[in-house]
Amino acid sequence: GQSLEQPSEVTAVEGAIVQINCTYQTSGFYGLSWYQQHDGGAPTFLSYNALDGLEETGRFSSFLSRSDSYGYLLLQELQMKDSASYFCAVDTGRRALTFGSGTRLQVQP
Amino acid sequence: NAGVTQTPKFQVLKTGQSMTLQCAQDMNHEYMSWYRQDPGMGLRLIHYSVGAGITDQGEVPNGYNVSRSTTEDFPLRLLSAAPSQTSVYFCASRSLEGGSGELFFGEGSRLTVL
């Protein structure tokens, strides 16, 4: 089966940098995605890595190491609005995404 | 820009009742899926479809049926509701033609089974 592990909660202060890690064990692997979800809202797409390395999109970056079955989401210049849950998700090639349990990020002033 | 539309947004059922959650997308996506989200458990895949007439089971399919008669619609049927099916349900779709495979989610349907 598939399993993804990420920390359940992370706290950081405004303006800081935070890294959310994700390790996975899957029977197939096509890529790692990250989604953001605010309380009461729907998940929204942040980034996708199919190959090793860093992808940057504004204040957010995502990294993948396929050999280590590991990725992370890096959030820079944290803002209060970044307080949300962040999910990593693996595309195992069945065309269906498997999600981790999520990391709740609290940004403090 | 409707995107993915789910109805109803809220529903309360009694144990044993049946109901259908509706999902429609206007992006011509081949892939559609249903997830349920429970506190602390992330999103778990119930059923998915890669095109009209094609459906497959996800991680937690028991107690749910789906069909895909058109590209646009992917309803989720609860056959005999149980309290364990109290959850938030999300429909999501995406294009299967390369790229990031970004999933587009509906706003969610909050179901309570008494």
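In the text below, chain A, chain B and the rest are named by the order of the sequence lines, each starting its count at 1. This structure is a prediction, so every number in the text was calculated from the model and none was measured.
- Residues B:G106 and A:A42 approach most closely at O-CB, 3.1 Å, considering heavy atoms.
- B:L76 and B:L13 fall within a single hydrophobic cluster, where Ile, Leu, Val, Met, Phe, Trp and Tyr side chains are chained together by heavy-atom contacts under 4.5 Å.
- With rounding to the nearest 0.5 Å, the separation of OH in B:Y35 from OG1 in A:T98 is 6.5 Å.
- Neither the backbone nor the side chain of B:R44 comes within less than 4.5 Å of any heavy atom in chain A.
- A:Y48 touches chain B through its side chain: at least one heavy atom from C-beta onward sits under 4.5 Å away, while N, CA, C and O do not.
- No close placement of the B:F105 and A:F45 rings is indicated, their centers lying 6.0 Å or farther apart.
- For A:G41 against B:F90, the heavy-atom pair with the smallest separation is O-CZ, 3.6 Å.
- Under the 4.5 Å side-chain contact rule for hydrophobic residues, B:Y89 and B:Y48 do not share a cluster.
- A 6.0 Å sphere centred on CD of A:E14 holds more than 12 heavy atoms belonging to other residues, nucleotides or ligands.
- Neither the backbone nor the side chain of B:F104 comes within contact range of chain A, judged by heavy atoms closer than 4.5 Å.
- The 12-atom threshold is not exceeded at CD of A:E5, counting heavy atoms of other residues, nucleotides or ligands nearer than 6.0 Å.
- We find the CG-OG distance between B:D38 and A:S101 to be 11.5 Å, quoted to the nearest 0.5 Å.
- A:Y35 and B:L103 make their closest contact through OH-N, 2.9 Å (heavy atoms, listed as atom of the first residue, atom of the second, distance).
- You'll find the side chain of B:R94 reaches within 4.5 Å of the side chain of A:D91, heavy atoms only.
- A:E9 CD: more than 12 foreign heavy atoms inside a 6.0 Å radius.
- Taken from OG in A:S85 to CD in B:Q37, the straight-line distance is 7.5 Å, to the nearest 0.5 Å.
- Under the 4.5 Å side-chain criterion, counting only non-hydrogen atoms from C-beta, A:F99 is not in contact with B:L45.
- A 6.0 Å sphere centred on CD of B:E107 holds no more than 12 heavy atoms belonging to other residues, nucleotides or ligands.
- Residue A:R104 places its CZ atom among 12 or fewer non-hydrogen atoms of other residues, nucleotides or ligands, all under 6.0 Å distant.
- Side-chain heavy atoms closer than 4.5 Å link hydrophobic residues (I, L, V, M, F, W, Y) into clusters, and following such links, possibly through other members, connects B:L78 to B:W34.
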